[in-house]
Protein chains: 2
Amino acid sequence: MPDNTEKPVRSGTDTAAGERPRRRQARGERRIAQLLAAAASVFCSAGYTAASTNAIAREAGVSPGTLYQFFPNKEAIAIELGDRLVHEMRETYGEALAPVEPGTPLEEAVAAAVDRFIDFNCRHPVFFALMHGPDIPGRIAEEHDALHATLLSRVEVLLACFMPDTPAADVSRTAQVCLSVYKAALEVVLGHEGAEREAYVRELKDLLVRYLTPLTAPRAGAPAGVPWRNTP
Amino acid sequence: MPDNTEKPVRSGTDTAAGERPRRRQARGERRIAQLLAAAASVFCSAGYTAASTNAIAREAGVSPGTLYQFFPNKEAIAIELGDRLVHEMRETYGEALAPVEPGTPLEEAVAAAVDRFIDFNCRHPVFFALMHGPDIPGRIAEEHDALHATLLSRVEVLLACFMPDTPAADVSRTAQVCLSVYKAALEVVLGHEGAEREAYVRELKDLLVRYLTPLTAPRAGAPAGVPWRNTP
DNA sequence: GGGAAACGCGAGTGACTGCTCGTGTTTGCC
DNA sequence: GGCAAACACGAGCAGTCACTCGCGTTTCCC
């Protein structure tokens, strides 16, 4: 195993004041994008550990040496890729889990969140492979954990709008269940296409709504199949 | 990569009339059990691909050569392990998904199935690592697919007891959702212990019951929070 | 134009892998 | 006891992997 001593060389676009600003040329930025796209393809079809850096370089049409001109090691490729994906997700869908104004139906909030995240994952299948792959190394796992924690707290806040009288621990557990269920459904959804895919998305929404509805209605004898309201 | 030509040597306990019956001594059987236990431990903590045969042999306290006296290759170790686990599961919990007699509450059926499978997976954490690991090779994936298909059809039959008027395609999709949700919850459950674990199990049961209840009750206006009955 | 730095190459390096093989020991059966 | 087969060993083989290095090419800036 190669040594894991810290390397001063920073890859990617951030010209942070590390040690060597390493002015990138336009050609270099193009190569980086190329390599990242190739890595996404290879990671997606083979998983992180099974993807060899030589294969990524070959997919990008460059030599292994060129790859290492831009990334200090294999992990850095996945990290940069994950960073960019998380950044795009935060930017494009950040508001999907924002607390809703009082009175918004639960169905609406669930549908909006599910639709946006499903859409993102369908357009970036690497994301699922990178974040939920079991063979990812430490740094990416950290990144995944951080993202998971962020999403979790977002979902908690969102849920708190609908179940204001529930203890925080229970809300947290409910949020965790929602995220896990979403992840499971995502795997199934990504495994189907067209009408079947949409049917599973529909099923996921129903599942979440049915799971959450009783938690938002303090009275057990409330009528079912009717729009609910939880704001006093 | 070493050649994958078929090897006549059969490992494990089955003295099937293949090519060489290879009479095992008691010592050999003990070694096999030892090696399988070591493999379970290593697979569990490192995953299949990251687990090296040398590490398995070391964990078992034998030399690499001894390991290959009983298993033709690394894959065979995982296959034998998976076979034994599946066999034990089928034997011990096979009836967990048997069709219930009419009138059995859905809650009861769900709770029984969930409890048994959760229990099994808690006692054999390797099972989850082997079956749901993303880096498993072809043969084990086949085994997993076969088991998944078996469970799926069992769940379909079970669900058909509760939703007799639903098209088969919808029942199948519902069963698929149930299994995926179970798998997702299993991951969470295995990640916690004690009271928290039980709370998540409780949550999983509630989730499944709430998801399935509306499907079993054709009338949308039926009262909620009350035991239901779907048999005419 | 000229020089420095970024870019690009690809054979090569060392570590590790799954697996083999020659040799020696233990076991079961007569 | 004796013998064949099963068992056990561990150095070593072939292969792959992540990664390096020396050298040639292109680009930018003056």
Side-chain angles (χ1 to χ4, degrees), chain A residues 1-7 9-13 15 19-35 38-39 42-43 46-58 60-79 135 137 139, chain B residues 1-7 9-13 15 20-35 38-39 42-43 46-79 135 137 139:
Chain A
M1 189 180 293
D3 60 343
N4 266 354
T5 55
E6 306 178 54
K7 301 229 172 180
V9 181
R10 285 293 202 160
S11 76
T13 55
T15 55
E19 311 237 347
R20 294 286 163 74
R22 180 95 187 206
R23 285 184 48 237
R24 299 245 94 106
Q25 303 180 350
R27 187 175 29 151
E29 297 289 349
R30 246 180 291 131
R31 276 272 180 268
I32 288 179
Q34 212 173 106
L35 284 164
V42 177
F43 284 155
Y48 175 79
T49 43
S52 78
T53 54
N54 291 15
I56 294 174
R58 203 182 317 121
V62 303
S63 80
T66 298
L67 185 150
Y68 283 94
Q69 190 109 126
F70 300 101
F71 300 98
N73 51 48
K74 179 179 172 181
E75 192 176 351
I77 304 174
I79 289 181
D135 52 354
R139 274 297 307 273
Chain B
M1 187 183 294
D3 60 343
N4 267 355
T5 55
E6 306 177 54
K7 302 227 173 184
V9 180
R10 285 293 204 157
S11 77
T13 57
T15 56
R20 295 282 162 76
R22 179 92 187 213
R23 284 184 49 238
R24 297 246 97 105
Q25 303 180 347
R27 188 174 31 150
E29 297 290 348
R30 247 180 290 130
R31 276 269 180 269
I32 289 180
Q34 214 173 105
L35 284 164
V42 176
F43 284 156
Y48 176 78
T49 43
S52 77
T53 54
N54 291 13
I56 294 174
R58 203 181 317 120
E59 174 86 14
V62 303
S63 79
T66 298
L67 186 151
Y68 283 94
Q69 189 108 142
F70 301 101
F71 299 98
N73 52 48
K74 178 179 172 181
E75 191 177 351
I77 305 174
I79 290 180
D135 52 354
R139 274 297 307 273

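All figures in this text were calculated on a predicted structure; none of them were measured in a lab. The chains referred to below are lettered A, B, ... by the order of the sequence lines, with proteins before strands, and numbering in each begins at 1.
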Of B:A51 and B:G65, whose nearest nucleotide on DNA chain C comes first from the 5' end? B:A51
Intermediate values then yes/no, side-chain contact (heavy atoms from CB on, under 4.5 Å), A:I77 and A:L35: CA-CA 8 Å; A:I77 304 174; A:L35 284 164; over 6 Å; no
Integer-rounded Å distance: C:dT25 P and B:R27 CZ: 13 Å
Separation between CD (A:E75) and OG1 (A:T53), nearest 0.5 Å, reads 13.5 Å
Under-4.0 Å side-chain N/O to phosphate OP1/OP2 contact, B:R31 with D:dA6: no
Rounded to whole Å, how long is the line connecting atom CG of A:L35 with atom P of C:dG8? 9 Å
Interatomic distance where OH belongs to A:Y48 and P belongs to D:dA18 [whole Å]: 8 Å
Interatomic spacing from CG in A:L67 to CD1 in A:I56 - rounded to 0.5 Å: 6.5 Å
What is the separation between atom CZ on B:R23 and atom P on C:dC29, rounded to the nearest whole Å? 6 Å
What is the distance, rounded to the nearest whole Å, between atom CD of B:Q69 and atom P of D:dA6? 9 Å
Using whole Å, what does the distance between atom P of nucleotide D:dC19 and atom CG of A:N54 come to? 10 Å
Nearest 0.5 Å please: distance from the CZ atom of B:R24 over to the CZ atom of B:R31. 12.0 Å
Mind listing the closest non-hydrogen atom pair of A:N73 and A:Y68 along with its distance? CA-CE2, 3.8 Å
For A:S63 and C:dG8, is the shortest distance between a side-chain N/O and OP1 or OP2 below 4.0 Å? no
Would you tell me if any nitrogen or oxygen in the side chain of B:T53 comes within less than 4.0 Å of OP1 or OP2 on C:dG18? yes
Of A:K74 and B:A26, whose nearest nucleotide on DNA chain D comes first from the 5' end? B:A26
Short side-chain N/O contact to D:dT20 OP1/OP2 from A:Y68, under 4.0 Å: no
First encountered from the 5' end of DNA chain C, between A:V62 and B:Q25: A:V62
Starting at CZ of B:R22 and ending at P of D:dA8, how long is that distance when rounded to a whole Å? 10 Å
Quickly work out the A:R58 CZ to C:dC9 C1' distance and round it to whole Å. 15 Å
Just N and O in the side chain of A:R30: are any of them under 4.0 Å from OP1 or OP2 of C:dC7? no
